[in-house]
Amino acid sequence: MSTLNRRQVIAGAGALALGTAFMPRGASAQVSGRPVKAAFVYVGPVGDFGWTYAHDQGRKYLEEQLGADKVTTSFVENVAEGPDAERVIRQLAQDGNDIIFTTSFGFMNPTLRVAREFPDGRFEHCTGYQAGPNMGLYNSRFYQGRAVLGTIAAMMSKSGKAGYVASFPIPEVVMGINAFTLAARKINPEFTTQVVWVNSWYDPAKEAQATGALLDQGADVITQHTDSPGPLQEAEKRGAIAFGQAWDMTSFAPNAHMTAIVDNWGPYYVNRVQAVIDGSWKPENVWLGMKEGEVAMAPFNEKMPADVKAAAQKIIDDTKAGTYEVFTGPIADQSGAEKIAAGVVVPDEDLLKMDWYIQGVQG
Amino acid sequence: MTPELAVSILMAVVATSTPLLIAALGELVVEKAGVLNLGVEGMMLIGAVTAFIVASATGVPSLGVLAAALAAALSSMVFGYLTLTLTANQVATGLALTIFGTGVSALLGASFVGITTGTLGLVFPANLATDPILRILFGHSPLVYFSLLMTLGVWWFLSKSRAGLILRAVGESDSSAHSIGYRVIGVRYLAVLFGGAMAGIAGSYYSLVLTPMWAERLTAGRGWIAIALVVFAAWRPGRLLLGAYLFGAVITFELQAKAAGWSFLAPEVLTSLPYLATILVLALISSRRASARLAAPACLAKPFRASA
């Protein structure tokens, strides 16, 4: 990995001051005879042991697989979603990075703007829905994993009520809540999911407190769409069951941790950088899932009963085989009205814009 | 509401408020001496990571708390040297200390991400805390009792002791204190040292009690809330206790109401409650303008140079 030195920063600032009119493009279209420069923009710290950690593991995998003669990588962590992100992405483009991966939903518009300014640069945004002529999109079908969690939750819960510690009501999170609840209600039609929004991706203490509140209010299964192991630790303390987020978090909660959705970004990053090297890179909208190995499940906890393990494994196997699709109608919304007709599978573009809750979701 | 639920909510309020109270008590003493240290968040992070490292290396969490106090106090001495001896700008140096603490804690803790350690146990025998009512009295972390004792101690020190009087004199009129022979810089060093140790202990509460783990930026901005609480409390320990618990109660209420699925208040409204409460209390305080202006130490954030 490389870091900016002072001279590069001054050069970058100078380039900005001169204007882009007759300056050479920061990012170059052709890559030959030198390593590809790949940059990553992270919303959290690489040490969060969750979302950002998983992306950074992918970055390290990329370095290992291709080697230093083919790729050099750099990253900027803790980038706030908003104007700050645009500044960071622009600086990375200015610095001559051949491909820039921006890994949070809130980086979509900043990436789009910088991509327009650098028509020869290559940009890839994770979890968004707007692309451009030099900006691709990629995401994982995490909802496939959520369906596995929902199945386990419904089979193991005594109260029939799950607590969901959630970050922000964006389509990605809404989709996850719905997938979890849909799968759970296939096991127990009365199952409900209580959502608590903590309005943060990463705040261990608040996530743990939200978990405590959910357990106080009768939930006995906890799942989360925030990035720290806080909820798992609280569930462990209180004797409830829970699931890891983005990475195997068993070490934090050996009894509570049933399994986890593991984000396996490495192979994707290798593919895309290889495409840059081969000259075949073009912006795409890539949405991979369990079948391709981008979404994996951590090993099941030994405490899980055999029938639960079997049911969860069946969801995984059927998803990989393409015979199980959790978003298959009939699906009713919160009011009980039928939103998706029987047998209809919600198309990808609707999933990526999902802004309604299914029946059984509260909060 | 069952008694179990009520007790559980009460315990959550105490758990939320305690680290804020500890860090804010330290900052209160610092500011009473006329120094504004905005590095609380950085010192808390240094405390949090040190506590975790020492606790997992020795297996004794209480040693971790001690080490957290020492490490954060040490980092506060860097701030002290720059602002008191070299009379650097306090605001800028404090911000630098926060940035430094964030970075150095991430560096030190890099190899401790993803592991757990023992948590700080209870002071009282565990069987005392099985009954829900007794749990409110005896079921807390030792740091909770520490924070309450320290509130009393800081109040007594500032308003009843001679040393506290000198400290306040230094904060209100450094030149007068100097002219009658008190060592302004020395007193301020001691205050900054105390503030650092308290911030470190507050940090250890996150990495050893609330969520026993280390992750970067574990305290997630709580140091700033602690600084705000000092203003909120008009530099009075009693009001600080009230403020910290009010803040903890509002946050707990927000999460409990969301978890209970109360639909008569939109989640967005619940989320904004802590901020609304802050605005309300600040409005109430500043409505008595003269007293609010009198509350701040007169020499706050002003560098002191002894003149001949």
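Residue numbers start from 1 in every chain, and the chains themselves are labelled A, B, ... in the order their sequence lines are given, proteins ahead of strands. Just so it is clear, the structure is predicted and the values come from calculations on it, not from any experiment.
- A:Gln209 places no side-chain N or O within 3.5 Å of a backbone atom of B:Leu255 that could act as its donor or acceptor partner.
- Proximity to chain B (any heavy atom under 4.5 Å) is shown, for A:Asp216, by both the backbone and the side chain.
- Heavy atoms closer than 4.5 Å to chain B are found in the backbone of A:Val195, but not in its side chain.
- Counting heavy-atom pairs under 4.5 Å between each of B:Leu210, B:Leu218, B:Thr16 and chain A puts B:Thr16 at the top.
- Interface remark: A:Ala208 contributes side-chain atoms only to the contact with chain B (heavy atom separation under 4.5 Å).
- Contacts between B:Pro212 and chain A at a heavy-atom distance below 4.5 Å involve backbone atoms as well as side-chain atoms.
- B:Lys258 places a side-chain N or O within 3.5 Å of a backbone atom of A:Trp197 that can act as its donor or acceptor partner.
- Contacts between A:Pro229 and chain B at a heavy-atom distance below 4.5 Å involve backbone atoms as well as side-chain atoms.
- In this structure, the portion of B:Val209 lying under 4.5 Å from any heavy atom of chain A is its backbone and not its side chain.
- Both the backbone and the side chain of B:Ala260 come within contact range of chain A, with heavy atoms under 4.5 Å apart.
- Of the charged side-chain nitrogens involved, none lies within less than 4.0 Å of a carboxylate oxygen, so that A:Lys60 and A:Glu64 do not count as a salt-bridged pair.
- The closest side-chain heavy-atom distance from A:Trp201 to A:Trp51 is not below 4.5 Å.
- Neither the backbone nor the side chain of A:Glu207 comes within contact range of chain B; no heavy atom of the residue lies under 4.5 Å from a heavy atom of that chain.
- You'll find the ring centres of A:Trp247 and A:Tyr53 inside the 6.0 Å limit.
- If you tally non-hydrogen atom pairs under 4.5 Å between each of B:Gly109, B:Ala257, B:Gly221, B:Ala215 and chain A, the highest count goes to B:Ala215.
- Taking a cutoff of 4.0 Å between a charged side-chain nitrogen and a carboxylate oxygen, B:Glu254 and A:Lys206 qualify as a salt bridge.
- Ion pairing between a basic and an acidic side chain is recognised when a charged N comes within 4.0 Å of a carboxylate O; A:Asp203 and B:Arg222 show such pairing.
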